[in-house]
*Asks:* 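First, the structure itself, so that you have it in front of you.
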Amino acid sequence: MRKFFLLFTLVTTCLLGNAHAQRFNSPDQLNKLRPLQDSLIRLGSQMVNNPGDPERKNANYTFIRTLLRALQVPNSYAFNFDSLKMISILRAPDNKFRIFSWFVMNEDGSYRFYGALQVNTGGKLQLHPLEDYSHLLKNPEDSVTDNHKWYGAEYYKIIQVNAVTPYYVLLGWKGNTVKSTKKVIEVISFKNGKPAFGLPVFAGNKKTRNRVIFEYSRQASMLLRHVPEQHLIVFDHLAPPDDKFKTQQDTYGPDLTYDGYKLQNGKWTYVDNLDMRNIPSPVDVDIADPKKQAIRDRNSVPLRKN
């Protein structure tokens with residue numbers, strides 16, 4: 001599998017200048033990109049919906065190679081891949097980069113995540129492959145990693161924070177096992193042009209965290225969303241059904257109270273027992289849990305993940 005990520009790595013490197021540039025694709029570029037997008041749609045449908053484990057994985061390998069070919073087309077950053085609904089594609093609010101993320105379900109009901117971060121160079125391709133290292137990270141909330149040791153997730157929201165050291169917060173879904181699901185609040189920052197994941201900006205709730213991870217029952221649903229009007233990330237408070245299950249996070253679920261992280265002076269401070277009557281209705285929603293969806297329509301936009 002690593003050879004496919006090496007393909008990403010071999011084509012990276014370029015100048016970082018003109019990072020805000022956003023040009024239009026020429027007719028020749030569109031003639032190359034549109035057929036590749038059509039191929040990605042077909043492959044994406046296979047890697048999500050095919051009941052066979054080998055077929056899903058083979059479709060994913062071909063998907064990676066095809067995506068790489070598309071991104072190698074000059075000025076590919078200007079192409080939105082609007083029809084590619086089975087993966088997540090998020091642009092940073094300042095348009096300095098965009099991040100692709102997706103998953104493939106394993107035969108045992110667990111997930112492996114894939115992704116790439118494309119820098120807006122206004123010129124040659126600069127691409128950082130994201131290699132899922134989740135199962136080898138012993139203390140992921142305490143870890144700062146690079147793109148080769150990524151705590152894989154499929155992201156649905158990106159938030160720009162203009163602190164002394166600027167960074168970006170990502171909200172993501174991280175399907176886990178047949179018993180539990182995870183969600184994550186991740187951080188991306190850049191050092192010497194390279195992405196770093198994790199930053200000690202989440203304070204309170206007994207410790208300072210580099211990223212925040214939630215685990216709960218596969219049968220439950222969890223709210224995790226950004227409320228920009230209040231500079232707040234709000235989420236369900238998770239609790240076991242009984243104290244005797246306190247150590248079993250795969251039994252946890254929402255207890256009808258809400259906690260959050262409030263942005264203050266460039267960092268996020270934990271706040272508990274939020275009054276949701278003061279929280280505006282959600283603007284951005286999570287996407288559909290693939291395990292609970294027999295077939296995902298490749299032309300529709302999924303609405304929520306649990």
Side-chain angles (χ1 to χ4, degrees), residues 1-14 22-91 97-107 111-121 123-132 147-148 150 152-156 172-173 175 195 287-288 290 293 295-302:
M1 183 177 298
R2 185 171 178 82
K3 64 182 180 180
F4 295 105
F5 288 113
L6 290 175
L7 286 172
F8 278 128
T9 306
L10 288 172
V11 299
T12 62
T13 70
C14 79
Q22 177 68 51
R23 298 180 299 171
F24 295 102
N25 294 114
S26 69
D28 180 61
Q29 291 165 352
L30 290 173
N31 287 337
K32 293 176 181 177
L33 286 163
R34 284 170 177 159
L36 288 168
Q37 177 177 238
D38 291 341
S39 296
L40 288 168
I41 292 169
R42 290 191 295 270
L43 290 164
S45 180
Q46 284 294 306
M47 71 186 187
V48 171
N49 296 319
N50 197 300
D53 186 68
E55 289 80 5
R56 289 194 304 274
K57 291 176 180 175
N58 286 335
N60 180 58
Y61 299 152
T62 307
F63 183 95
I64 291 171
R65 294 197 300 269
T66 306
L67 178 60
L68 179 59
R69 285 175 56 201
L71 296 180
Q72 287 176 303
V73 173
N75 195 30
S76 65
Y77 190 90
F79 190 75
N80 290 324
F81 295 96
D82 287 336
S83 298
L84 194 58
K85 303 298 185 183
M86 66 287 300
I87 74 170
S88 168
I89 306 173
L90 296 179
R91 290 183 186 268
F97 67 92
R98 65 178 172 181
I99 188 165
F100 300 80
S101 58
W102 69 93
F103 62 85
V104 175
M105 190 191 302
N106 296 316
E107 195 169 21
Y111 296 84
R112 186 173 180 87
F113 290 83
Y114 299 83
L117 187 151
Q118 183 183 16
V119 178
N120 183 8
T121 65
K124 294 180 181 178
L125 177 65
Q126 181 175 340
L127 192 69
H128 301 280
L130 305 181
E131 301 179 41
D132 192 353
N147 56 298
H148 301 292
W150 175 50
E154 185 175 66
Y155 302 119
Y156 57 89
W173 178 89
I287 49 183
Q293 211 169 304
I295 297 176
R296 176 146 64 174
D297 182 354
R298 73 182 188 185
N299 295 318
S300 67
V301 181

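Counting from 1, the numbers follow the sequence of the chain as shown. Worth knowing before you read on, the calculation uses all heavy atoms, side chains too, and leaves out hydrogens, waters and symmetry mates.
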*Asks:* Walk me through it: do Phe100 and Ile89 pass the test side-chain contact (heavy atoms from CB on, under 4.5 Å)?
*Replies:* CA-CA 5 Å; Phe100 300 80; Ile89 306 173; 3.6 Å; yes

*Asks:* Check whether any side-chain heavy atom of Arg98 lies under 4.5 Å from a side-chain heavy atom of Leu90, and answer yes or no.
*Replies:* no

*Asks:* Is the distance between the ring centroids of Phe79 and Phe81 under 6.0 Å?
*Replies:* yes

*Asks:* To check you understand the geometry: which heavy-atom pair defines the closest contact between Ser39 and Thr66, and what is its length?
*Replies:* CB-CG2, 4.1 Å

*Asks:* If only atom types and distance count, is the side chain of Lys124 paired as donor or acceptor with the main-chain N or O of Thr121 below 3.5 Å?
*Replies:* no

*Asks:* Let me confirm one number: the CZ-OG distance from Phe63 to Ser45, rounded to the nearest 0.5 Å.
*Replies:* 11.0 Å

*Asks:* Taking side chain as C-beta onward, heavy atoms only, is Gln118 less than 4.5 Å from Ile99?
*Replies:* no

*Asks:* Please give me the minimum heavy-atom distance between Gln37 and Leu84, naming the atom from each residue.
*Replies:* OE1-N, 4.0 Å

*Asks:* Check whether any side-chain heavy atom of Arg112 lies under 4.5 Å from a side-chain heavy atom of Phe103, and answer yes or no.
*Replies:* no

*Asks:* With side chains defined as the heavy atoms from C-beta onward, is the minimum distance between Leu130 and Tyr114 less than 4.5 Å?
*Replies:* no

*Asks:* With a 3.5 Å distance limit and no angle check, can you tell me whether Asp53 reaches the backbone of Glu107 through a side-chain donor-acceptor pair?
*Replies:* yes

*Asks:* With distance as the sole test, does Asn50 use its side chain to make a donor-acceptor pair with the main-chain N or O of Gly52 at under 3.5 Å?
*Replies:* yes

*Asks:* At their closest point, which heavy atom of Ser76 faces which heavy atom of Ala70, and how far apart are they?
*Replies:* CB-O, 3.5 Å

*Asks:* Rounded to the nearest 0.5 Å, how far does CZ of Arg34 lie from CG of Asn25?
*Replies:* 8.5 Å

*Asks:* Begin with the C-alpha distance, continue with both residues' side-chain angles, and end with the deciding distance and a verdict on side-chain contact (heavy atoms from CB on, under 4.5 Å) for Met47 and Ile87.
*Replies:* CA-CA 10 Å; Met47 71 186 187; Ile87 74 170; 3.9 Å; yes

*Asks:* Using only atom types and a distance under 3.5 Å, with no angle test, would you say the side chain of Asn60 pairs donor to acceptor with the backbone of Arg56?
*Replies:* no

*Asks:* If you look at every heavy atom in Leu40 and Met86, which pair is closest and at what distance?
*Replies:* O-SD, 4.4 Å

*Asks:* Indicate yes or no for a side-chain donor-acceptor contact from Asn75 to the backbone of Gly123 under 3.5 Å, with no hydrogens or angles considered.
*Replies:* no

*Asks:* Could you report the tightest heavy-atom contact between Leu43 and Ala59, atom names first, then the distance?
*Replies:* O-CB, 3.8 Å

*Asks:* Checking Arg91 against Tyr77: charged group under 6.0 Å from the ring centre and within 45 degrees of the axis?
*Replies:* yes

*Asks:* Does the separation of the ring centres of Tyr155 and Trp173 fall below 6.0 angstrom?
*Replies:* no

*Asks:* If I compare all heavy atoms of His148 with all of Pro129, which pair ends up nearest, and what's the gap?
*Replies:* CE1-CG, 4.3 Å

*Asks:* For the pair Arg42 and Asp38, find out whether any cationic side-chain nitrogen is under 4.0 Å from an anionic carboxylate oxygen.
*Replies:* no

*Asks:* Measure centre to centre between the rings of Tyr111 and Trp102, then say whether the value is under 6.0 Å.
*Replies:* no

*Asks:* Are Gln46 and Thr62 linked by a side-chain donor-acceptor pair shorter than 3.5 Å?
*Replies:* no

*Asks:* What I'd like to find out is whether the side chain of Asn147 reaches to under 4.5 Å of the side chain of Leu117, using heavy atoms alone.
*Replies:* no

